[in-house]
Number of protein chains: 2
Amino acid sequence: MIDQRLHVLRVLVELGTLTEVARRLGYTPSAVSHQLRSLSKDLGMPVVEQRGRGLVITRAGQLLLERSQELFTRWEEIRGELDGLGTGTRRRQLRLCGFSTAAATLLPPTAQRLAQRYPDSRVTIIEAEPEECFDLLLAEQADIAVVVATDPLPPRSDARFEQSALFSDRLDLLVPADHRLATRSAASLSEAAEEAWILDRPGSPYHRLVRTACAAAGFLPEKAHQSREWETGAALVSAGLGVALIPRLARLPEGFDVARVPLRGDPVPSRKILTGIRSGSAGQPLIAEALEVLAEVSAEVARREI
Amino acid sequence: MIDQRLHVLRVLVELGTLTEVARRLGYTPSAVSHQLRSLSKDLGMPVVEQRGRGLVITRAGQLLLERSQELFTRWEEIRGELDGLGTGTRRRQLRLCGFSTAAATLLPPTAQRLAQRYPDSRVTIIEAEPEECFDLLLAEQADIAVVVATDPLPPRSDARFEQSALFSDRLDLLVPADHRLATRSAASLSEAAEEAWILDRPGSPYHRLVRTACAAAGFLPEKAHQSREWETGAALVSAGLGVALIPRLARLPEGFDVARVPLRGDPVPSRKILTGIRSGSAGQPLIAEALEVLAEVSAEVARREI
DNA sequence: CACAATTGTGCAAAAATATTGCATGATCGA
DNA sequence: TCGATCATGCAATATTTTTGCACAATTGTG
């Protein structure tokens, strides 16, 4: 309902290059270029200008975007009120996106339950990197994002989104099956201070998360190996090459000689899972319902996994 | 920037019939019909329904319009901020509309002065009935309306418009040149209580205005004749058939044997002239400037005419 | 320092949308 | 009952948007 070209400009600022916008929005670069020009023409002032081989938003474009954020938000709200009216067909399509673990653990039961309650709704799951999740929200290719709080995300105050805590995913210590801590029903993170550690790649969000958790427990983990996937990490641990921290939500394949040891501490080492939506869209019945179901599912999963 | 179809719906509510909307907006009825249908389809619920041979807005449509009024307002404000930025071409077209007297007296000097200050601006004057003026604002075919307060206007609280008092147009008593009051420098309205009165047609805004003024002076005017145009009224008065009340702003052709007698009283009999703009548009430099110039011109005219 | 990769633009052609013209059905008022 | 008014539907048409290249500018790499 808000001019499509404003939306394009918004995504441009998010993604940086016109080509990327075209890719994401399913247009050709020419089309995006033309839209921006046409917007500039209508406003009587350029909204972007060429800088090097890229585009840079002008002061006017920035002002336009800042001010029109409210338009986007209000429209989502109106959309919700309209749907809430009950008359006619409410939105029936819902697209959930989340990082891999969420997409595997939280999202399928949510989709299933929603499909039961609203047989005519079509729930889609999109697996995407946490950063990309917000791009997807903005590009209106997803309606709800489930992400890990530690990632480089838009700040909570970003007016384009509403973020809220979903639940806290506790971290377990993953040790070889014959490790001295393997049979313990719980351990403190500091007990593993002297171990060789298997971490994610330096600079990655999970790497930072683990280092932060260790720092809180009073030590710096000695990095022995790097792994990106839980499975690789488990294999390394299984081979006796070190220990690792693994979120409880992450399921491991069978057949590794490893033990998960729950951690205690205050606060308990954990990663925070958030939901994100476009500002204003919380009023749309299907989205509101989905957020509730997500919370239910999260609570159940958390209970089951303890 | 706000969806064109929302605008069409808005004008439909104002004008009542689809055909009228088409006429006003310069479309064919088919096009308007199609737009409304397409809007309904996108929202998943009908915004209008057929009732008799006309269209009636649905509950959903009403809600939509109420809520989206803020979108229209905000957009006008943003538009103004953008223009105020100075970069690029600001709005250069300005359309003033007003009822006949205003269009003849106030608007031309305003247009002239604006054209001097902003040589690249194109100022257009549209003469229209006061009621129609607001339709023109809504249909974005005029930017500023100058109307008489007494007419059946949208209430001051109508969120679609911002109205503000421009000035007070004093009413003079028009009497034959040989009338006992003709040479008086001022008179009280009650002194004409026993005269035969020349009024506008019953039910017309000006008829009501005059009756109200007389009522405030403590009498009911005895209606002798009816005239719609000032010129006709002056001719009747000139012929000795009665007296009339005429706004000072209204210029009369030469050659009538009549005298204008200023009225005193508390309050002085007068009609209030208002300006109206679309909500939010006050921030647009050209509109703001035009409102100022209008006030200047009004003040000068008022001073000159006293 | 040349070269390959990447980025945005421009323009004619193609595709998608919006609009018209006219025929039709429904309703209202005389 | 008839004529006037109103909205709709559909095929034809006009308009707008999008694509498909070819091209120019910039970056950074080997």
Side-chain angles (χ1 to χ4, degrees), chain A residues 1-62 64-65 88 132 135 139-141, chain B residues 1-62 64-65 88 132 135 139-141:
Chain A
M1 209 59 38
I2 310 302
D3 195 305
Q4 167 71 5
R5 296 167 303 176
L6 234 55
H7 186 233
V8 168
L9 182 61
R10 206 155 85 120
V11 176
L12 173 66
V13 168
E14 187 66 15
L15 298 184
T17 77
L18 180 150
T19 311
E20 198 57 41
V21 174
R23 214 180 338 259
R24 167 63 47 78
L25 259 32
Y27 290 117
T28 57
S30 309
V32 176
S33 176
H34 186 269
Q35 295 214 26
L36 292 173
R37 164 181 337 258
S38 130
L39 178 61
S40 297
K41 180 167 155 287
D42 283 4
L43 293 178
M45 59 193 76
V47 293
V48 289
E49 61 188 13
Q50 252 178 311
R51 180 76 61 87
R53 62 180 165 182
L55 286 180
V56 153
I57 191 166
T58 61
R59 179 81 198 85
Q62 258 174 325
L64 173 65
L65 236 39
E132 205 190 352
D135 294 344
E140 304 207 335
Q141 292 177 338
Chain B
M1 208 57 41
I2 310 301
D3 195 304
Q4 166 72 1
R5 297 167 303 176
L6 233 55
H7 185 233
V8 167
L9 182 61
R10 207 155 87 119
V11 176
L12 173 67
V13 168
E14 187 66 14
L15 299 184
T17 77
L18 180 150
T19 311
E20 199 57 40
V21 174
R23 209 173 351 252
R24 168 62 49 77
L25 260 32
Y27 290 117
T28 57
S30 309
V32 177
S33 176
H34 185 272
Q35 296 213 24
L36 292 173
R37 165 178 331 270
S38 130
L39 179 60
S40 297
K41 182 169 154 287
D42 283 3
L43 294 178
M45 60 193 75
V47 293
V48 290
E49 62 189 10
Q50 253 178 311
R51 179 78 61 88
R53 61 181 162 180
L55 286 181
V56 150
I57 191 166
T58 61
R59 180 81 199 84
Q62 258 174 324
L64 174 65
L65 237 40
E132 205 191 351
D135 294 344
E140 306 207 334
Q141 292 176 340

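Just so we're on the same page: letters track the sequence lines, and every chain starts at 1.
- The backbone N or O of B:Pro46 lies less than 3.5 Å from no partner atom in the side chain of B:Ser40, so there is not a single donor-acceptor pair.
- In this structure, B:Thr19 does not reach the D:dT5 phosphate: none of its side-chain N or O atoms is under 4.0 Å from OP1 or OP2.
- If A:Gly26 and B:Gly54 are placed on DNA chain D by their nearest nucleotide, the residue sitting closer to the 5' end is B:Gly54.
- Protein atom CZ of A:Arg5 is 11 Å distant from nucleotide atom C1' of D:dT17, rounded to whole Å.
- Atom NE2 in B:His34 sits roughly 12 Å away from atom C1' in C:dT20 (whole-Å rounding).
- Whole-Å rounding puts the B:Arg53 CZ to C:dT27 P distance at 11 Å.
- Of the two residues near DNA chain D, A:Arg51 and A:Gln4, the one whose nearest nucleotide lies more 5' is A:Gln4.
- Between A:Glu49 and A:Arg59 there is no salt bridge, since none of the side-chain N atoms of the basic residue sits less than 4.0 Å from a carboxylate O of the acidic one.
- Between the side chain of A:Ser30 and the base of D:dG20, a donor-acceptor pair under 3.5 Å is found.
- The B:Gln50 side chain lies nearest to D:dT8 when the options are C:dT9, D:dT8, C:dG21.
- For A:Thr17, counting side-chain heavy atoms from C-beta on, the closest listed nucleotide (C:dT9, C:dG29, C:dT7) is C:dT7.
- As rounded to whole Å, 18 Å separates atom P of D:dA25 from atom CD of A:Glu49.
- One finds no salt bridge joining A:Arg10 and A:Glu140 here, because no Lys/Arg side-chain nitrogen approaches an Asp/Glu carboxylate oxygen to under 4.0 Å.
- Here the side chain of B:Ala31 is nearest to one of C:dT20, D:dC6, D:dT18, namely C:dT20.
- Distance, A:Lys41 NZ to C:dG10 P: 14 Å, rounded to whole Å.
- Side-chain contact between B:Val47 and B:Gln62: absent, with no pair of heavy atoms (C-beta onward) separated by less than 4.5 Å.
- Straight-line distance from the OH atom of A:Tyr27 to the C1' atom of C:dG8: 18 Å, rounded to whole Å.
- Atom CG in B:Asp3 sits roughly 9 Å away from atom P in C:dA18 (whole-Å rounding).
- Taking only side-chain nitrogens and oxygens, B:Thr28 never comes nearer than 4.0 Å to OP1 or OP2 of C:dT19.
- Using a 4.0 Å cut-off, no side-chain N or O of A:Gln35 falls inside it from OP1 or OP2 of D:dT17.
- Separating the CG atom of A:Leu18 from the P atom of D:dA25 is a distance of 18 Å, rounded to the nearest angstrom.
- Contact annotation: the side chain of B:Leu36 never approaches that of B:Arg5 to less than 4.5 Å [non-hydrogen atoms, C-beta and beyond].
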